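These notes are about the structure you will find just below.
In what follows, chains carry the letters A, B, and so on, assigned in the order in which the sequence lines appear, proteins first and then strands, with residues in each chain numbered from 1. For the numbers below, each heavy atom of this structure counts, side chains included, while hydrogens, waters and symmetry mates do not. Please read these numbers as outputs of a predicted model, since none were measured by experiment.
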Number of protein chains: 2
Amino acid sequence: MVADTAPTHRPDSATATAQWVADILRDRIVKGVYPPGSRIVERKISAELEVSRTPVREALKLIDADGLITISRNKGAQVLQYGAEEALALFDVIASLESLAAERLAERIDPETLDRLEEMHDRMLTYHKVGNHSDYFDTNSEIHDLIVGACGNPIVTETHRKLMARARRRRFLAIMKPERLQEAVAEHEEPMQALRAGDADGAGRIWRRHLLHTGATVAALL
Amino acid sequence: MVADTAPTHRPDSATATAQWVADILRDRIVKGVYPPGSRIVERKISAELEVSRTPVREALKLIDADGLITISRNKGAQVLQYGAEEALALFDVIASLESLAAERLAERIDPETLDRLEEMHDRMLTYHKVGNHSDYFDTNSEIHDLIVGACGNPIVTETHRKLMARARRRRFLAIMKPERLQEAVAEHEEPMQALRAGDADGAGRIWRRHLLHTGATVAALL
DNA sequence: TCCGCTGATATGGCATGCCATTCTGGTGCG
DNA sequence: CGCACCAGAATGGCATGCCATATCAGCGGA
């Protein structure tokens, strides 16, 4: 998990260059290598990664579509600033989406998926007990992603993925707040029960509340 | 509203060419000029619109990000097929978003916005009474857009806009179904009352139900 | 007759170069 | 001393050309 900002020469030419560049830039933005407000210059990236400007341009367009940067003519790409207000707005939408996902998942969940969830849930609790925050965070993310991915609605999955790119870094901060940690763990127990019971309405409602809390915690940090 | 598929030579060079091309292509996809499954060839568009391939490529990337086409290496862009299942999934998400918007709007609505809504609502009813379906549809869309736009959450607005590009054409079909028309008009009355009363929870719930109905109607047509 | 191979063509991906606009720093006039 | 203007640099936008790969037609052998 070392910051591999080194070019590492593109893995293979089968992967589209533009996509490869986009992934690197996204990663750097999320990790804070390019702080909010900083400018990203096509020619710099192009030279550093040893590709032409064309794929860099296309990568920037992709990232722009994700809402991570703004592009202005002859002024280039700027990493978006964000404040408490935007964080609340973001989590309001994410909460709605995940709530919908939890609801739909509860309606259709199969034992196998439930088992995987239980296993992750236990694993997360263990990480929390031993204070392994990094793995705790990753497992937590996995749970959220599984719920969204298994809900049976690909549009939810896709939309969620795009929004999460904007939220992940902030969520990391929030979830690590010690007092929030305890709370969040508790908030994961209830929806598990609702899922076991197949209580769609409850699962959706409870999960949404959980995310709104996370959003409020993030916003409070800004 | 005549199909202006004619190039009309780009309006002014101030508008980015790529954006201009993207708008034209999006419009053609929505209007069905490029039917689902058909291929869009960079060089053809490039020649027809008298621009180079570069802005066309970038436009296609934008439309791909909107989820209207898929791009595969050396196979080009293909307009996405869609069936009943995808329509349901799409409207499930749109319903969640607009429900959130209605809820938040009810919490914060000012008299001025309420007036505009009332006016649109009346106008829509009039169009319906006299059987002016085209203007009815447009006003209906305006109402939905206003609710989403005035909810105070720009992320809702933005996400909604992208999803609507995929839904608009289908929604047009559905909304025009005679028996659905009657129903939809009725379903617009209730949320207006909730908004007048500032009943956030009710507005959200009712509006969501309305959209789920629309989605079901669309799905039934496919 | 049918299957497989091969070469031509179609098509997207990337590199490069030029142009328009904006930004910046310096200089001269008031 | 300050402000306006100008030139050059920085930067993105677009056009063009070459390359890699996928697709398809035609042909030859089994």
Side-chain angles (χ1 to χ4, degrees), chain A residues 7-26 28-29 34-80, chain B residues 7-26 28-29 33-81:
Chain A
T8 74
H9 255 75
R10 54 215 268 196
D12 56 352
S13 57
T15 327
T17 311
Q19 194 58 55
W20 175 68
V21 173
D23 288 342
I24 291 182
L25 294 183
R26 243 191 294 265
R28 290 186 183 178
I29 293 172
Y34 302 140
S38 66
R39 288 178 60 183
I40 300 179
V41 178
E42 291 181 6
R43 283 175 167 82
K44 292 247 184 73
I45 307 299
S46 155
E48 182 198 349
L49 299 183
E50 297 177 320
V51 297
S52 84
R53 283 176 51 214
T54 310
V56 175
R57 278 181 58 71
E58 297 188 344
L60 288 174
K61 282 259 158 78
L62 289 177
I63 296 174
D64 181 43
D66 286 349
L68 286 172
I69 59 177
T70 53
I71 299 180
S72 358
R73 180 176 180 109
N74 294 322
K75 290 205 296 189
Q78 252 187 293
V79 180
L80 273 184
Chain B
T8 73
H9 255 73
R10 54 217 269 198
D12 56 352
S13 58
T15 328
T17 310
Q19 193 58 54
W20 174 68
V21 173
D23 288 342
I24 290 183
L25 294 182
R26 242 191 294 266
R28 290 186 182 178
I29 292 172
V33 179
Y34 302 139
S38 66
R39 290 177 58 180
I40 300 179
V41 178
E42 290 180 6
R43 284 173 165 84
K44 293 248 182 72
I45 306 299
S46 155
E48 182 198 349
L49 299 183
E50 297 176 320
V51 298
S52 84
R53 283 176 52 214
T54 310
V56 176
R57 277 182 60 71
E58 297 188 345
L60 288 174
K61 283 260 158 81
L62 289 177
I63 296 175
D64 181 43
D66 285 350
L68 286 172
I69 60 177
T70 53
I71 299 180
S72 0
R73 179 174 182 112
N74 295 323
K75 290 206 295 187
Q78 256 189 289
V79 180
L80 274 183
Q81 306 265 8

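Using a 4.5 Å heavy-atom threshold, the side chains of V79(A) and L68(A) count as separate. Residues W20(A) and L49(A) form a side-chain contact, since some pair of their non-hydrogen atoms from C-beta on lies under 4.5 Å apart. Side chains of Q78(B) and I40(B) form no contact here, defined as non-hydrogen atoms less than 4.5 Å apart. Residues R57(B) and T54(B) have side chains not in contact (no heavy-atom distance under 4.5 Å, counting atoms from C-beta outward).
Within residues 56-65 of chain A, the residues having any heavy atom under 4.0 Å from DNA chain D are, by residue number, R57(A).
A salt bridge does not link D64(B) to K61(B): none of the charged side-chain nitrogens sits closer than 4.0 Å to a carboxylate oxygen. Using a cut-off of 4.0 Å between Lys/Arg side-chain N and Asp/Glu carboxylate O, R28(A) and E48(A) are scored as salt-bridged.
If you take CD1 of I45(A) and C1' of dG12(D), they are 14 Å apart, rounded to a whole angstrom. Remark: C1' of dA10(C) and NZ of K44(B) are 10 Å apart, rounded to the nearest angstrom. Atom CD1 in I71(B) sits about 10 Å away from atom C1' in dG12(C), given to the nearest Å. Here the C1' atom of nucleotide dA10(C) and the NZ atom of K75(B) are 14 Å apart, to the nearest Å. Atom CD in Q78(A) sits roughly 13 Å away from atom C1' in dT11(D) (whole-Å rounding). The CD atom of Q19(B) sits 10 Å away from the P atom of dC14(D) (whole-angstrom rounding).
OP1 or OP2 of dC14(C) lies within a sub-4.0 Å distance of a side-chain N or O belonging to T17(A).
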Just the table, please: protein N/O against nucleotides 16-18 of chain C N/O, every pair under 3.5 Å.
unit_1: dT16(C); atom_1: O4; unit_2: T54(A); atom_2: OG1; d: 3.3

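Of the possible polar contacts, none joining the T17(A) side chain to the P55(A) backbone as a donor-acceptor pair under 3.5 Å is found. A side-chain donor-acceptor contact under 3.5 Å links R39(A) to the backbone of K75(A).
Ranking dA15(D), dT11(D), dG12(C) by closeness to the V41(B) side chain, first place goes to dG12(C).
Separating the CD1 atom in I71(A) from the CD atom in E42(A) is a distance of 8.0 Å, to the nearest 0.5 Å.
With DNA chain C read from its 5' end, the first of the two nearest nucleotides for R39(A) and S72(B) is the one closest to S72(B).
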